[in-house]
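Just so you know, these numbers use all the heavy atoms, side chains as well, and skip hydrogens, waters and symmetry mates. Here is the naming used below: chain letters follow the sequence lines, and residue numbers restart at 1 for every chain.
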2 protein chains.
Amino acid sequence: MAKDVAGRQPKYQRIAAELKDAIAAGEYGPGARLPGESDLMSRYGVARMTARQAFGVLQAQGLAEARKGAGVFVREYQVVIRRRGIQRLAVEVWGAGGSIWDVDGKGREPVVEFLGVTDEAAPDAVAAVLGLGEGATACVRRRRFLLDGKPVMLATSYLDAALVAGTPVAEPDSGPGGIYARLAELGYGPARFREEIRSRMPGPDEAARLGLTAGTPVVLVCRTAYTAEGKAVEVNEMVLDSAAYVLEYEFDAR
Amino acid sequence: MAKDVAGRQPKYQRIAAELKDAIAAGEYGPGARLPGESDLMSRYGVARMTARQAFGVLQAQGLAEARKGAGVFVREYQVVIRRRGIQRLAVEVWGAGGSIWDVDGKGREPVVEFLGVTDEAAPDAVAAVLGLGEGATACVRRRRFLLDGKPVMLATSYLDAALVAGTPVAEPDSGPGGIYARLAELGYGPARFREEIRSRMPGPDEAARLGLTAGTPVVLVCRTAYTAEGKAVEVNEMVLDSAAYVLEYEFDAR
DNA sequence: GCATCGAACATATCTAGACATCTACTGGCG
DNA sequence: CGCCAGTAGATGTCTAGATATGTTCGATGC
């Protein structure tokens, strides 16, 4: 093996680096087809598994995407949704009955696909935050957001089932202004929010439900809504396609 | 090949799923060593490359980590740093001369490793935000944050070089309260911040500088500081190890 | 008792070839 | 002209090896 001439770098990494440079140099634009496995085999004089490994590096970085039977393609930039964490939730928005997604910019609003409302036991951490006692159930609302038919976010809301039973919150259509407006009518209007943000690679189930290609992480946003008295009334766990979203928070220095 | 009995699932995915279940069931705790490649070969009757592919799935999901010559291990949960976006930057904190990292919780404060200050051309997008004219340079401060000796964040600040020339901002040690206190003394104290958050897989360089294992995405935070007059005075691009950080934003509904 | 060397073992890389499965294109047929 | 079957070509999966390189740990020697 002629490893020494490559400066101790495995062949597949060198090939991957060259392809990456070629992409960066504009030789292959977004959506363009990269050389096939057999092309790399003859060009670099390697076995097919080695060429595949090189493609594997690019796919793991989210730079390329293989389509079975067609080839390996440079991944196209995805549409970016700006999600403004703070203005989105201002009382002026949901208090007036407008959808909180109205401010999401540039007319590209995800479409909500409602997946169901159930009463079930909440995860321990969620139950603790909501102050649910032993055996108490949560009202769980599951939704999926689609942009141009492509899923971009999964959302799961947890509320105290005893609090919202019989109200539109427990119905598929929660009415104008969403569940925050309903909570306000019940005397539990959210006054303060906390959002916690993490990121990791998706599990196989999340990748399937979001239609993610290899090398695309997910962003986890966990939002907790508090009343003015400091009672947590809703926990909303969101799983976002990281290629589709930019989160934005704007705030004063005081 | 006995594909049909597995319900159309490739062998390597089935093996990966079984290992994952075993991890979830607690058979292999954090840091424990998983069965070796030859173990899987004999247990499932597959070739070496197939067993390796199964490990590859777990590594891509960030669940396992291979150490050459030693084995494949369940990845340990990393220490989590809470980064509070809003309180961190309140004037009470930096205005009083305290480090903005003081509020980062639980005594686990990253140590700043200073990488240098230079005057150089800023990227186009940054130059546009800062209002830098043609040929104007930016004062660029690069830092790396370490927790227990392990790098967890890379940060690059851009400021108008003409504004901060000759001040401590252009020095390695920017003095008590950091560069925001210095900017305030110059009459450009930040009054408003915007943080934009994205996530993606790291490039080879980022992975190396943060010591990331395969399957760990990075979180990108781009913070822009504005004066009360709306002038952007600083752009801070941060690259975070997603396994080390939880970002937190807390805000009122009005 | 401690340091060092070496063998056993583990993963990392690579080859050469086989069969499976999906895509896209090309003809031919209605 | 349009639809559809056939086919070439592409990636996906899998095997069975070989060689390279790093880790671990016991045995040896000082």
Side-chain angles (χ1 to χ4, degrees), chain A residues 1-19 28 31-60 63-75 204 207-208 211 213-215, chain B residues 1-19 28 31-60 63-75 204 207-208 211 213-215:
Chain A
M1 280 178 277
K3 263 197 203 164
D4 313 88
V5 296
R8 277 332 187 94
Q9 200 180 24
K11 284 185 186 178
Y12 74 95
Q13 284 187 15
R14 201 175 68 85
I15 297 174
E18 283 197 21
L19 285 173
Y28 306 101
R33 186 178 180 284
L34 292 170
E37 292 174 352
S38 46
D39 289 319
L40 293 192
M41 287 171 66
S42 58
R43 188 191 302 181
Y44 293 97
V46 296
R48 203 167 82 96
M49 289 300 289
T50 307
R52 284 182 61 72
Q53 242 181 316
F55 283 132
V57 172
L58 298 184
Q59 289 178 55
L63 289 173
E65 177 180 8
R67 290 209 289 272
K68 189 175 177 177
V72 181
F73 299 82
V74 179
R75 220 164 115 195
T213 63
Chain B
M1 282 176 277
K3 262 198 207 166
D4 312 270
V5 296
R8 278 332 189 88
Q9 200 180 23
K11 285 185 185 180
Y12 75 94
Q13 284 186 16
R14 200 174 70 84
I15 298 174
E18 284 196 20
L19 285 172
Y28 305 101
R33 185 176 180 283
L34 292 171
E37 293 176 351
S38 45
D39 289 319
L40 293 191
M41 287 170 67
S42 59
R43 187 191 302 181
Y44 294 97
V46 296
R48 175 176 225 77
M49 289 298 290
T50 308
R52 285 183 60 71
Q53 245 180 313
F55 283 131
V57 172
L58 297 185
Q59 289 177 56
L63 290 172
E65 178 180 7
R67 289 209 292 272
K68 190 173 177 177
V72 181
F73 298 82
V74 179
R75 209 156 125 203
T213 63

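- Judged by closest nucleotide on DNA chain C, B:V72 is the one of A:R48 and B:V72 placed further toward the 5' end.
- Each of D:dT15, C:dT13, D:dT13 was ranked by its minimum atom distance to the side chain of A:Q13; first place goes to C:dT13.
- A:R33 places no side-chain N or O within donor-acceptor distance of the main-chain N or O of A:Y28, the cut-off being under 3.5 Å.
- Of the two residues near DNA chain C, A:M49 and B:R33, the one whose nearest nucleotide lies more 5' is B:R33.
- Look at CZ on B:R67: it is 7 Å from P on D:dT24, rounded to the nearest Å.
- A search for side chain to side chain contact (heavy atoms under 4.5 Å, CB included) contacts involving B:A17 returns nothing, not counting sequence neighbours.
- Closest approach of A:A54 and A:A16 over heavy atoms only: O-CB, 3.7 Å.
- Within the 4.5 Å cutoff, the side chain of A:I15 has heavy atoms near those of the A:V46 side chain.
- Within residues 50-60 of chain B, the residues having any heavy atom closer than 4.0 Å to DNA chain C are, in order of number, B:R52.
- Using a 4.5 Å heavy-atom threshold, the side chains of A:Y12 and A:V57 count as touching.
- Note on A:K68: every side-chain N or O is 4.0 Å or more away from OP1 and OP2 of D:dT13.
- Summarising the geometry of A:P35 relative to A:R43, their closest heavy-atom pair is CG-NH2, 3.5 Å, with the distance given to 0.1 Å.
- For the contact set between residues 34-45 of chain A and DNA chain C, defined by any heavy atom under 4.0 Å, the members are A:G45.
- When every heavy atom of B:E65 is checked against every heavy atom of B:R75, the shortest pair comes out as OE1-CG, 3.6 Å.
- Looking at the side chain of B:A66, the nearest of the listed nucleotides D:dA16, C:dT11, C:dG17 is C:dT11.
- The A:A70 side chain lies nearest to C:dT23 when the options are C:dT23, D:dC14, D:dA10.
- Contact between the side-chain N/O atoms of B:Y12 and the OP1/OP2 oxygens of D:dC14 is not found at any separation under 4.0 Å.
- Closest approach of B:G45 and B:K11 over heavy atoms only: O-NZ, 4.5 Å.
- Taking every heavy atom of both residues into account, B:S42 and B:D39 meet most closely at OG-O, 3.0 Å.
- What separates NZ of A:K11 from C1' of D:dA20 is a distance of 13 Å, to the nearest Å.
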